[in-house]
*Asks:* 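Below is the structure I would like to discuss, written out as structure tokens.
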Amino acid sequence: MSCAAYLDGNARPKSMCRAKQWTDEVENLYRFQQAGYRDELEYKQVKQVDLIDKWPETGFVKKLVRRDNTFFYYNRKRECEDKEVHKVKVYAY
Amino acid sequence: MCTNMRALDFKERGELKTEGFTVKSTMKNSVVVGPPAAGAFRERPAKPTAFRKFYERGDFPMALEHDAKGNRIAWRVEIEKVDYHQYLPLFFDGLCETVHPYEFFARQGVHDMLEHGGDKILPVIPQLIIPIKNALNTRNRQVICTTLKVLQHLVVSADMVGEALVPYYRQILPILNIFKNMNDLCLELTRSQGKK
């Protein structure tokens, strides 16, 4: 991802691939996609927020607001199981 | 020895089946049979819960979401703004439920509220004891397993919760004493913890 994408509020991804193995980044992507967003960038674009609620110990996303304004809460520990990893989409800008 | 004999054998030998500690049992040809089962492990279905009533009225600030993994709760109100004194005991009351979606909502709702409650949990502990006791008294293995997992989560959810539960041990522990030798119940709990 280029730094310019973060400055541009309307950046669109250029390519997408599927995650091969679990990492912290994949876990967060899983959480965003569960809530109906591509990733952190789209969430910030749609919801017009700068900061995202994250667990301080693990850095995983804690709370997200969905498009219908309901709230999804996530555990502090890993939620993306190994069998779900290959479904996670990783976007490149 | 006597209980294994068929009823006809009693008649053939002129023996009389009788209960213990009676005048009849002192007779020469009477055979004392064992006491009836006390039913310590017999399941006792819980009466309709307040959780079910509130859920059917739509009073809970949440909705059920189906996803690939299963189900998840979508909260209409931020958990930080939920009145724990009102809702947490209600969710604990729903632990007695065994039917979907009540069982799922109660379990997941308790989990979410404990995970994000922080210091709002400790003042509510006294109101949680009766629902916990009611859930354990159902003697339903699935309910007991769920309640024990909730207790584990409760204790680690905030500071001083474990200490706050000490005065209520006499209400919670007796039912656990009944099942202390039921090791297959423990095995199920250990297996599900391993999955976590």
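Residue numbering restarts at 1 for every chain, and letters A, B, ... go by the order of the sequence lines. What you are looking at is a predicted structure, and each value in this text was computed from that prediction instead of being measured.
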*Asks:* Other residues, nucleotides and ligands only: do more than 12 of their heavy atoms fall within 6.0 Å of NZ on A:Lys47?
*Replies:* yes

*Asks:* For B:Asp119, I'd like to know if atom CG has over 12 heavy atoms of other residues, nucleotides or ligands within 6.0 Å.
*Replies:* no

*Asks:* B:His116: which residues meet the side chain to side chain donor-acceptor pair (under 3.5 Å) condition with it, sequence neighbours left out?
*Replies:* none

*Asks:* To the nearest 0.5 angstrom, please state how far the CG atom of A:Asp53 sits from the CD atom of B:Glu78.
*Replies:* 8.5 Å

*Asks:* Can you establish whether the number of heavy atoms outside A:Arg67 located under 6.0 Å from its atom CZ is more than 12?
*Replies:* yes

*Asks:* Which distance, rounded to the nearest 0.5 Å, do you find between the NZ of A:Lys63 and the CG of B:Asp112?
*Replies:* 12.5 Å

*Asks:* Starting at NE2 of B:His111, measure out to OH of A:Tyr73 and round the result to the nearest 0.5 Å.
*Replies:* 13.0 Å

